[in-house]
Amino acid sequence: GIVEQYAIAGAVAALNYIEPSVTEDLDILISFEIQPASSLVTIGPIVRYLASKGYTEWRKEGLMIEEWPVQFLPVADSLDREALDSAAAVEDNFGSDVPVSTRVLSAQHVVATAVRTARPKDFIRIAAFLDEEAVDLDALNALLRRYDLYHKWAEFCQKTGLSDPLGGR
């Protein structure tokens, strides 16, 4: 009841679409029901709830949950909101005997978020999506243009020496 909506994001979300890569944490994009008088978003209620369950250790920015540092990332802008609203429901056993249902960001939202963030590891992730043809280029193009990220896409292409696969779309 603390989190309104959630979806797995980042490198772990990318695993749903491309070959595994090294990651240090699990990113979970979240939204809350914000009180009308407040625009401040804090993960305090999540931290208190998890502390009551015995999860109190922090490693870097992540709260340790079952040996994974987990980062809770509140929706920060309209791209995040759209990514969360359009996240896909998936079911997998994730290496255990029990199937787990969860929500994962779409491929184009994982890539668009990586374009926005523009760290070297994000460039590697974007390249993997392109190499494995794991993202719908028309949907990605529309998303980048809708959120004014095409200039950052062009920077990615220039920095990596990639011929723009979205050119002319």
Side-chain angles (χ1 to χ4, degrees), residues 3-34 39-41 43 46 60-63 68-95 99-169:
V3 173
E4 175 187 23
Q5 202 173 25
Y6 79 95
I8 295 173
V12 176
L15 292 175
N16 203 45
Y17 309 101
I18 60 174
E19 290 295 318
S21 62
V22 175
T23 185
E24 295 180 355
D25 60 10
L26 170 63
D27 297 328
I28 301 180
L29 184 62
I30 58 173
S31 65
F32 300 98
E33 289 187 29
I34 298 175
S39 61
L40 179 62
V41 176
I43 65 167
I46 295 172
K60 295 186 181 178
E61 298 88 19
L63 181 59
W68 268 89
V70 177
Q71 284 193 62
F72 295 95
L73 308 169
V75 167
D77 59 22
S78 54
L79 172 59
D80 286 348
R81 170 51 56 199
E82 179 181 326
L84 194 54
D85 288 344
S86 64
V90 299
E91 188 169 303
D92 198 310
N93 66 1
F94 298 101
V100 175
S101 296
T102 191
R103 300 179 75 239
V104 176
L105 296 188
S106 71
Q108 64 264 21
H109 286 96
V110 172
V111 173
T113 301
V115 168
R116 178 183 64 191
T117 309
R119 300 168 299 188
K121 67 182 181 179
D122 296 310
F123 288 175
I124 292 167
R125 184 172 306 137
I126 296 165
F129 271 90
L130 297 172
D131 288 346
E132 296 180 36
E133 298 179 356
V135 63
D136 177 323
L137 295 178
D138 290 329
L140 176 60
N141 186 42
L143 193 59
L144 294 174
R145 292 188 186 280
R146 187 164 53 254
Y147 292 102
D148 196 26
L149 292 170
Y150 199 85
H151 66 285
K152 292 194 92 166
W153 174 260
E155 288 174 17
F156 158 75
C157 292
Q158 189 269 328
K159 286 180 181 179
T160 60
L162 181 70
S163 176
D164 186 353
L166 301 180
R169 290 178 191 266

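- Counting heavy atoms from C-beta on, the side chains of Val115 and Glu155 never come closer than 4.5 Å.
- Between the CG atom of Leu15 and the OH atom of Tyr17 there is a distance of 11.0 Å, given to the nearest 0.5 Å.
- Atom NZ of residue Lys121 and atom OG of residue Ser21 lie 9.0 Å apart, to the nearest 0.5 angstrom.
- Counting heavy atoms from C-beta outward, Tyr147 and Arg116 have side chains that stay 4.5 Å or more apart.
- The shortest side-chain heavy-atom distance between Val75 and Gln5 does not fall under the 4.5 Å cut-off.
- Between the CH2 atom of Trp153 and the CG atom of Asp164 there is a distance of 6.5 Å, given to the nearest 0.5 Å.
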Please step through side-chain contact (heavy atoms from CB on, under 4.5 Å) for the pair Ile43 and Ile30, ending with a clear verdict.
CA-CA 9 Å; Ile43 65 167; Ile30 58 173; 4.1 Å; yes
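- Checked against side chain to side chain donor-acceptor pair (under 3.5 Å), Glu61 has no partners two or more places apart in sequence or in another chain.
- Taking 4.5 Å as the limit, some side-chain heavy atom of Thr102 sits within range of a side-chain heavy atom of Val90.
- Contact check for Leu84 versus Arg81: side-chain heavy atoms found under the 4.5 Å cut-off.
- Here the closest non-hydrogen pair linking Ser101 and Tyr6 is O-OH, 4.0 Å.
- The nearest pair of heavy atoms linking Leu166 to Leu144 is CD1-CD1, 3.6 Å.
- Contact of the Gln71 side chain with the Lys60 side chain is not registered, since no non-hydrogen atoms from C-beta on lie closer than 4.5 Å.
- Asn141 has its side chain within reach of Tyr150: a pair of non-hydrogen atoms, C-beta onward, lies under 4.5 Å apart.
- The minimum heavy-atom distance between Ala112 and Leu149, with the atom names listed, is O-CD1, 3.9 Å.
- Partners of Phe123 under the ring pair (Phe, Tyr, Trp, His ring centres under 6.0 Å) rule, at least two apart in sequence or in another chain, are Phe156.
- When Asp92, Val110, Asn16 are each tested for a side-chain contact (heavy atoms from CB on, under 4.5 Å) with Val104, only one passes: Asn16.
- How far CG of Leu26 is from CZ of Phe72: 8.0 Å, rounded to the nearest 0.5 Å.
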Step by step, would you call Asp122 with Arg125 a side-chain contact (heavy atoms from CB on, under 4.5 Å)?
CA-CA 5 Å; Asp122 296 310; Arg125 184 172 306 137; 3.6 Å; yes
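- Atoms CD1 and OG1, from Ile124 and Thr160 in turn, are 11.0 Å apart once rounded to the nearest 0.5 Å.
- When side chains are defined from C-beta on, Leu137 counts as touching Leu130, because their heavy atoms get closer than 4.5 Å.
- The structure places CD of Glu132 at 5.0 Å from CD of Glu19, a figure rounded to the nearest 0.5 Å.
- The backbone N or O of Leu79 sits nowhere less than 3.5 Å from a side-chain atom of Arg146 that would complete a donor-acceptor pair.
- For Glu91 (side chain) and Pro99 (main-chain N/O), no donor-acceptor pair under 3.5 Å exists by modelled atom type.
- In this structure, Phe129 and Val111 approach most closely via the heavy-atom pair CG-CG2, 3.5 Å.
- Ala83 and Leu29 make their closest contact through CB-CD2, 4.3 Å (heavy atoms, listed as atom of the first residue, atom of the second, distance).
- Glu82 and Leu143 make their closest contact through OE2-CD1, 3.3 Å (heavy atoms, listed as atom of the first residue, atom of the second, distance).
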